[in-house]
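The structure appears below as structure tokens.
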Protein chains: 2
Amino acid sequence: MKEFIQEKYKDIKESIYSVDYSSKYPDLINFGVGDPDLMTHEMIIKEAYDSQIAGHTHYENPQGYLGLREEISKAYKEDFDVKCDPSEILITMSGTEAMYIILEVILNPGEEVIVPSPYFSVYPDQIKMAEGVPVIYETKFEKEFNIEPREIEKLINEKTKAIIINTPNNPTGSVYSDETLKEVYEMAKKYNLIVICDDIYTIYSYESKFKPMISYDPEFKNVISISSMSKDYVMTGWRLGAIVAHKDLINAMTYVHENTVYAVPTLCQYAGAMGIANRKIICPPLYEEYKERMYLAYERLKKLNHVEVLRPKGTFYIFPKITVPDMTTDEVVREILEKAHVNLINGSAFGPAGEGFIRIAVTVNKDKINEAFDRIEKLDIFKK
Amino acid sequence: MKEFIQEKYKDIKESIYSVDYSSKYPDLINFGVGDPDLMTHEMIIKEAYDSQIAGHTHYENPQGYLGLREEISKAYKEDFDVKCDPSEILITMSGTEAMYIILEVILNPGEEVIVPSPYFSVYPDQIKMAEGVPVIYETKFEKEFNIEPREIEKLINEKTKAIIINTPNNPTGSVYSDETLKEVYEMAKKYNLIVICDDIYTIYSYESKFKPMISYDPEFKNVISISSMSKDYVMTGWRLGAIVAHKDLINAMTYVHENTVYAVPTLCQYAGAMGIANRKIICPPLYEEYKERMYLAYERLKKLNHVEVLRPKGTFYIFPKITVPDMTTDEVVREILEKAHVNLINGSAFGPAGEGFIRIAVTVNKDKINEAFDRIEKLDIFKK
């Protein structure tokens, strides 16, 4: 049957997230997938139910339920001082569909997208699906995985269409400074490029309040902002996100969205509107919890031999450098899995710049984090 | 900003469904969009809620919640005598995403897909998005809009990759015979083509029980079946469907699905599983209700001058022929809207073979159907 599959999809590899080790190791502690363990707020769940009982079981407007777009518009204004009209918002199946639609709408075959590495592993696949070419820009541990606009500038050529910016960053946990974002924006303006900002960890910025790049571009001429409720509201299973962009782009994106999923499920959208309206109740405890876990994991990592780690700035990912003599990162990851029953991801899954690192998602509670590190620090390779 | 949009999407037209006349005509009766008026069964709504309170607020397996795939597998066996393993099923954002993913996975640029016309208006757009070429095959009112395999065969060439079959059919309401489906399957086998069966109105077959084409192809070598809960369970707002296909194709499709929406919302999938498990309670009243409405609309249409109508066989759409002297179908549609305040769709929206017809979706209750026809039959153009 493979004969029927088009060239692009003939040789696809399995997802790094799809292996389940919990049956093999019943006491497994999973630092692997970036799915927060905390449950969606009951207020949101109840609103999904109420909306359905009230009869909203029908198709929604493909661009998105107006009530949700209005809440997002208000939140961008109040939280980020960004003025966007509901007509400049498209509701999507979380950040994943948002990124896919943007790439599909803007990329002519062969056009290039600059992606800082380490990157969320789906970006290059999505760029290739949209017939574009990912151009990888490597950030460095020594520079705290920050991006340097002048280095990015060297990669720009006549084929360059866009740059993807993800801050707070998955997988490194770094947070770019406001100055850096402003510089990247100025560069995009100079070369007439689009910056696609994957703004999906906005509440998890631990040293300064998050300020999205789109706030520098009030007419949305060069910047697109993706938001998502997956992480900021622990709603990964609800698949709820949004694109804020120029109306012309939103129209084309709505067309693609309409022809791929038609509309986001109505009950998710009502629930999302309730969540955003109550974000000052829902989000702060999540911020506090993940911040504490990040610092806990950081303190525990610092004590290990052959490990270097940066102070956490954002997200719920830590990305330590592993330099065990005579062992590859793959071997270290396997040793931790097999001997400590802790699952984490080899940094190379996030691009070449991730080689020699591991990603730890602190999506288990503090007791389990401590338990995991109690086990890990007993391994010979990490003993001081 | 249009400069940033890739060639394919520079000139997109507005959806035929997106115009809302209800503010202009407060007493509007809407026969336009195919969104059943009845509400999703409370059992399904409650299960969505219960699943979330139980903590299933997280990412689901991209291929789909196993519990739902098992229910679909059981239902295909019990209802259609089709044996499919859960590994041969991908859960999608309803039929729309299912069709898009299939086309995206199988079509190399320039490959052709045969589409019987009148067609669900999204098909050609989706084929073009996937870089394919729609080849339209026109069915005829005089032949009850049935397909003739020998006529289809004339359109097959070395570029042909697939044929889309939608029975019970939107917009014509026709239902192809088992013999016809078997012949099309044999033809697909002979030329090694894929038949994509959009099996989304399966309960709404009024003269015989629906038998999907995939039942003739136990190894799924040439047939793919799309199912959906949108119509059969009045769950349009939930965006829930599935693809049954060969495992090799399902793997490639799961990759595309994962990189576009990642997974279908978890709560929708739990709710869907509950719905399918209880289909013998949920579906028969829907069947009865829409059947009665179809025959009611049919009887009322028969009495109008300048209207010819076929006896309803399936779906909740009637597709009468309109031959008002000296008036285009567009003018007739506008006259009905402006004078009778009834919204319906010009058949030309469903392809050239729809020219001269209108589509009526009986998605309002019998009182409203009668009220609509009371108004329509008072128009001069329809008086006998």
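Order of the sequence lines sets the chain letters (A, B, ...), proteins ahead of strands, with each chain counted from 1.
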#### Entry: Partner chain A: residue of B:I106, B:T92, B:L38 with the largest heavy-atom pair count (under 4.5 Å)
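Most pairs with chain A among the choices: B:I106.
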### Query
Hey, which of B:N192, B:N222, B:L249, B:T254 has the most heavy atom pairs under 4.5 Å with chain A?
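When all of B:N192, B:N222, B:L249, B:T254 are compared, B:N192 has the most.
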Heavy-atom contact with chain A under 4.5 Å, split by part of [X]:
X	value
B:L107	backbone
B:T40	both
B:L193	backbone
B:I101	neither

How close do [X] and [Y] get, counting heavy atoms only, and between which atoms?
X	Y	answer
A:Y262	B:R239	CB-NH2, 3.3 Å
B:M129	A:V256	CE-CG1, 3.7 Å
B:A263	A:M93	O-CE, 4.4 Å
B:Y59	A:T236	N-OG1, 3.3 Å
B:E258	A:T96	O-CG2, 3.7 Å
A:Y49	B:E42	OH-OE2, 4.4 Å

Examine whether an atom of [X] lies under 4.5 Å from a heavy atom of chain B, and if so say whether it belongs to the side chain, the backbone or both; otherwise answer neither.
X	result
A:Q269	neither
A:Q52	both
A:K10	neither
A:P36	backbone
A:I44	neither
A:M235	backbone
A:I5	both
A:K8	side chain

Answer whether the closest heavy-atom distance between the side chains of [X] and [Y] falls below 4.5 Å.
X	Y	answer
A:N108	B:E7	yes
B:W238	A:T266	no
A:K161	B:F4	yes
B:L267	A:I45	no

### Query
Can you tell me how far the CG atom of A:D125 sits from the OG1 atom of B:T260, to the nearest 0.5 Å?
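Result: 11.5 Å between the selected atoms.
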### Separation of A:T57 OG1 from B:H41 NE2 (nearest 0.5 Å)
12.5 Å
#### Entry: B:N259 backbone acceptor or donor facing A:Q126 side chain under 3.5 Å
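Judged by distance alone, yes, a pair lies under 3.5 Å.
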### Query
Between the side chains of B:E104 and A:Y9, is a donor N or O closer than 3.5 angstrom to an acceptor N or O?
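Side chains of B:E104 and A:Y9: pair found under 3.5 Å.
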